[in-house]
Asks: 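This is the structure I have questions about; it appears just below.
Residue numbers run from 1 in the order of the sequence given. Basis for what follows: all heavy atoms, side chains included, without hydrogens, waters or symmetry-related copies.
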Amino acid sequence: MAEHVPTDPLGQMYAEWTVEFTAAPEMRLPVLRWVFEDWQRATAEPEGVTYASVEYGGVPGILASPLDADPGRMLLVLHGGGFALGSSASHRKFAGHLAKAAGAAAFVADFRLAPEHPYPAQLDDADAVIDALLDAGFEASALTPVGDSAGASIAIATTLRRLRDGRELPGRVVVVSPWLDMENSGETIESNDASDFLIAREGLQGNIDRYLSGGASPVDPLVNPLYADFTGFPPLYVTASDSESLYADAVRLVERARRDGVDVVFEPVSGEQHVWPLQAGRHAPADASISRIAEWLRTARDERDAA
């Protein structure tokens, strides 16, 4: 079998991290958080985008505003990092690229992190942002949660909870490399171990333990959306790489949502690393994926404007 060698910026970064994680298996959480701030190094700075530190609903974050953005459309970017890592800084440039391509603004939320703030603090913060945007005059149909990895779980679960409670729903939801299975049972965790330079079962379990440290069940549908009823869920865009350890989560999500009648677009790619769109501006497949997401979002805007 051919040896897997990283050739893209993100894969090379993940391989560097793995060397450090192996050398320091008991790496403390504050140090892990410093490491994951390095995510932004994979992303080129987008041109024609300004940034501001703002708050919505008491939740701080960074607002990315492309110069030609539609002021009535907002992406709520919920960053990955296993519910415990990552930040608005690590995802600021990615949000800028996606917002520019989609012709919208993007707010990258610094939701509270586990284990200091276990589930459901992350959903509560995402809810607070959505409610604040609605209060500020945004139409619900013009709001799109965008989540990668653990942020995908937050985006989906927040929308599911709003659906359950009869509250206004965002117009669409986008997830990239979704991590949803809090039972840590996905078959591709093992089968794609050699080709995924970041994700390992042990690391996933550590983040699960942090997220559920408040006592939530790993099969609660809002903790693990693979157990949810998606009936009535807004249109959903899912993209994942067949080389990443969490690919099975994306496949199962698509199957479950389609079973419940959701309008789902599934865009699998081949050979890319976990959350490869973070390489926007530096890696052609990342730019292509962002363009496809943006086209889908622009189509939604055009359909809404024509209605």
Side-chain angles (χ1 to χ4, degrees), residues 8 10 42-49 63-80 91-108 133 138-149 151-152 155-156 159 169-178 230 233-242 244 247 250-251 253-254 257-258 261-307:
D8 59 301
L10 197 59
T43 320
E45 190 72 63
E47 297 181 2
V49 180
L63 179 65
S65 300
L67 298 182
D68 60 350
D70 179 344
R73 298 177 63 231
M74 179 72 77
L75 311 179
L76 168 55
V77 177
L78 299 161
H79 65 79
H91 280 58
R92 169 187 66 84
K93 291 188 285 185
F94 160 72
H97 280 281
L98 182 57
K100 182 178 179 180
F107 176 65
V108 192
L133 291 170
F138 285 90
E139 295 182 10
S141 61
L143 303 180
T144 302
V146 178
D148 68 279
S149 195
I156 291 170
T159 305
L169 301 179
R172 294 195 168 194
V173 177
V174 173
V175 295
V176 178
S177 297
F230 280 81
F233 198 87
L236 174 64
Y237 188 104
V238 181
T239 188
S241 170
D242 64 4
E244 59 178 312
Y247 185 64
V251 172
L253 167 64
V254 170
R258 284 177 173 165
V262 180
D263 178 2
V264 181
V265 172
F266 183 33
E267 291 284 356
V269 303
S270 183
E272 297 301 319
Q273 287 298 304
H274 185 57
V275 198
W276 73 98
L278 282 172
Q279 299 169 101
R282 299 186 63 202
H283 187 55
D287 295 334
S289 291
I290 285 175
S291 293
R292 287 193 292 268
I293 295 169
E295 181 180 2
W296 185 75
L297 291 170
R298 285 181 177 274
T299 299
R301 178 197 63 186
D302 295 342
E303 290 174 350
R304 189 183 74 247
D305 291 347

Asks: Does a side-chain heavy-atom distance below 4.5 Å link Trp276 with Glu244?
Replies: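 SC-SC contact between Trp276 and Glu244 confirmed.
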Asks: Could you pull out the closest heavy-atom pair between Gly72 and Ala142, with the gap in Å?
Replies: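 Closest approach of Gly72 to Ala142: O-CB, 3.2 Å.
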Asks: What's the verdict on side chain to side chain contact (heavy atoms under 4.5 Å, CB included) for Ser177 and Asp148, showing C-alpha distance, side-chain angles and the deciding distance?
Replies: CA-CA 6 Å; Ser177 297; Asp148 68 279; 5.7 Å; no
Asks: Does any non-hydrogen side-chain atom of Tyr237 lie less than 4.5 Å from one of Val146?
Replies: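 When only atoms from C-beta onward are counted, Tyr237 and Val146 do not touch, as no gap falls below 4.5 Å.
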Asks: Which atoms form the tightest heavy-atom contact between Phe94 and Thr43, and what is the distance?
Replies: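 In terms of heavy atoms, the two residues are closest at N-CG2, 3.7 Å.
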Asks: With heavy-atom distances below 4.5 Å as the criterion, would you say the side chains of Val269 and Pro285 are in contact?
Replies: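 No. Closest side-chain heavy atoms not under 4.5 Å.
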Asks: Heavy-atom distance under 4.5 Å between the side chains of Asp8 and Gln273, does that happen here?
Replies: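 In contact.
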Asks: Any ion pair linking Arg92 and Glu45 (charged N to carboxylate O, less than 4.0 Å)?
Replies: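 Yes, charged N to carboxylate O under 4.0 Å.
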Asks: Could you give the distance from OG1 (Thr159) to CZ (Arg172), rounded to the nearest 0.5 Å?
Replies: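 Nearest 0.5 Å value for the OG1-CZ distance: 13.5 Å.
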Asks: When you measure from the side chain of Asp287 to the backbone of Gly281, do you find a donor-acceptor pair of N or O atoms at a distance under 3.5 Å?
Replies: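 Yes.
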Asks: Looking only at non-hydrogen atoms, find the nearest pair between Gln279 and Leu10 and report the distance.
Replies: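 What the structure gives for the nearest pair is OE1-N, 2.9 Å.
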Asks: So do Val265 and Trp296 actually touch side chain to side chain, heavy atoms under 4.5 Å?
Replies: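 Of all side-chain heavy-atom pairs linking Val265 with Trp296, at least one is under 4.5 Å.
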Asks: Would you say that Lys93 contacts Leu278 through its side chain, given a criterion of any heavy-atom pair below 4.5 Å between the two side chains?
Replies: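 Not touching, per the 4.5 Å side-chain cut-off.
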Asks: To the nearest 0.5 Å, what is the distance between CG on Asp68 and NZ on Lys100?
Replies: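 Result: 8.0 Å between the selected atoms.
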Asks: Go through it in stages, so that I can follow the logic: the residues are Leu297 and Leu75, the test is side chain to side chain contact (heavy atoms under 4.5 Å, CB included), and I'd like the CA-CA distance, side-chain angles, deciding distance and then a yes or no.
Replies: CA-CA 10 Å; Leu297 291 170; Leu75 311 179; 3.9 Å; yes
Asks: Could you pull out the closest heavy-atom pair between Ala64 and Pro66, with the gap in Å?
Replies: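 Reported closest heavy-atom pair: O-CD, 3.6 Å.
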Asks: Val174 and Thr144: side chain to side chain contact (heavy atoms under 4.5 Å, CB included), yes or no, with the steps?
Replies: CA-CA 7 Å; Val174 173; Thr144 302; 4.0 Å; yes
Asks: Shortest non-hydrogen contact from Ile290 to Pro277?
Replies: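 For Ile290 and Pro277, the tightest heavy-atom pair comes out as CD1-O, 3.8 Å.
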Asks: OG of Ser289 to NE2 of His283: how many Å apart, nearest 0.5 Å?
Replies: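 Ser289 atom OG to His283 atom NE2 measures 8.5 Å (nearest 0.5 Å).
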Asks: Nearest 0.5 Å, what's the CZ-CZ distance between Arg73 and Arg298?
Replies: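 The CZ atom of Arg73 sits 7.0 Å away from the CZ atom of Arg298.
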Asks: Kindly compute the distance separating CD (Glu272) from CG (Asp242), expressed to the nearest 0.5 Å.
Replies: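 So the gap between those two atoms works out to 9.5 Å.
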Asks: Which heavy atom of Pro235 sits nearest to which heavy atom of Gly171, and what is that distance?
Replies: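 For Pro235 and Gly171, the tightest heavy-atom pair comes out as CD-O, 3.5 Å.
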Asks: Sequence neighbours excluded, which residues qualify as ring pair (Phe, Tyr, Trp, His ring centres under 6.0 Å) partners of Phe233?
Replies: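 For Phe233, the residues satisfying ring pair (Phe, Tyr, Trp, His ring centres under 6.0 Å) (neighbours in sequence not counted) are Phe230.
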Asks: Kindly indicate, with the supporting measurements, whether the criterion side chain to side chain contact (heavy atoms under 4.5 Å, CB included) is fulfilled by His274 and Ser149.
Replies: CA-CA 8 Å; His274 185 57; Ser149 195; 2.8 Å; yes
Asks: Are side-chain heavy atoms of Val176 and Ile293 found at a separation under 4.5 Å?
Replies: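 With C-beta onward as the side chain, the pair touches.
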